[in-house]
Amino acid sequence: METLINALLKMGASRSRLEVKLFGGGHVLNAGINVGDRNIEFARHWLKTEELPIVAEDVGGTSPRRVIYFPSDGKVRVKHLRPTRSRKSRHASSATWARWAMQAEATGDDIELFEE
């Protein structure tokens with residue numbers, strides 16, 4: 001998030017005019033920890049520390065979302081999708097996570113969970 005803010009400022013954005021709209025953080029994977037809640041908590045804490053107010057949000061829950069942002073006017077459309085509960089879809093999600101982890105390891109990228 002810091003990289004995004006700094007890039008916007010570098011391109012001429014005014015910090016006082018930035019609007020933060022927060023979406024996601026749903027508990028959509030069948031994992032041992034609720035990563036979504038932890039990400040929401042991290043994002044809110046970071047934004048408060050940076051004194052960037054949240055003007056809109058749709059976070060948490062169990063449904064995945066499709067978010068469409070219109071930068072020309074700042075409007076957002078959010079569609080809640082049906083939760084995936086079948087065994088096959090949970091397996092696919094686990095396979096996707098494993099593939100991302102292998103790609104990150106191969107390229108030297110880090111995957112980081114945020115904790116305080």
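Scope of the values below: all heavy atoms of this structure, side chains included, with no hydrogens, waters or symmetry mates.
Rounding to the nearest 0.5 Å gives a distance of 10.0 Å between NZ of Lys10 and OG1 of Thr3. To the nearest 0.5 Å, atom CG of residue Asn34 and atom CD of residue Glu41 are 11.0 Å apart. Atoms CZ and OG1, from Arg82 and Thr62 in turn, are 13.5 Å apart once rounded to the nearest 0.5 Å.
Cluster membership for Leu9 and Leu47, using ILVMFWY side-chain heavy atoms within less than 4.5 angstrom, is shared. Hydrophobic clustering of Ile, Leu, Val, Met, Phe, Trp and Tyr side chains at less than 4.5 Å, counting indirect connections, keeps Val76 apart from Leu4. Under a hydrophobic clustering in which Ile, Leu, Val, Met, Phe, Trp and Tyr are joined whenever their side-chain heavy atoms come within less than 4.5 Å, directly or via other members, Ile5 and Met11 fall into different clusters.
Nearest heavy atom pair, residue Val20 against residue Pro53, reads CB-O, 3.4 Å. Here the closest non-hydrogen pair linking Leu22 and Ala43 is CD1-CB, 3.9 Å.
Residues Arg15 and Glu50 meet the side-chain proximity criterion, which asks for heavy atoms closer than 4.5 Å. Between Lys48 and Ile54, every side-chain heavy-atom pair lies at or beyond the 4.5 Å cut-off. With contacts defined as side-chain heavy-atom distances shorter than 4.5 Å, the pair Lys21/Val55 qualifies. Side-chain contact between Arg65 and Asp58: present, with at least one pair of heavy atoms (C-beta onward) separated by less than 4.5 Å. Between Val59 and Phe23 the shortest side-chain heavy-atom distance does not fall below 4.5 Å. Using a 4.5 Å cut-off on side-chain heavy atoms (C-beta onward), Phe70 and Ile68 make contact. Counting heavy atoms from C-beta on, the side chains of Glu2 and Trp46 come closer than 4.5 Å. When side chains are defined from C-beta on, Ser63 does not count as touching Leu81, because their heavy atoms never get closer than 4.5 Å.
A salt bridge links Arg44 with Glu57: the closest approach of a Lys/Arg side-chain nitrogen to an acidic carboxylate oxygen falls below 4.0 angstrom.
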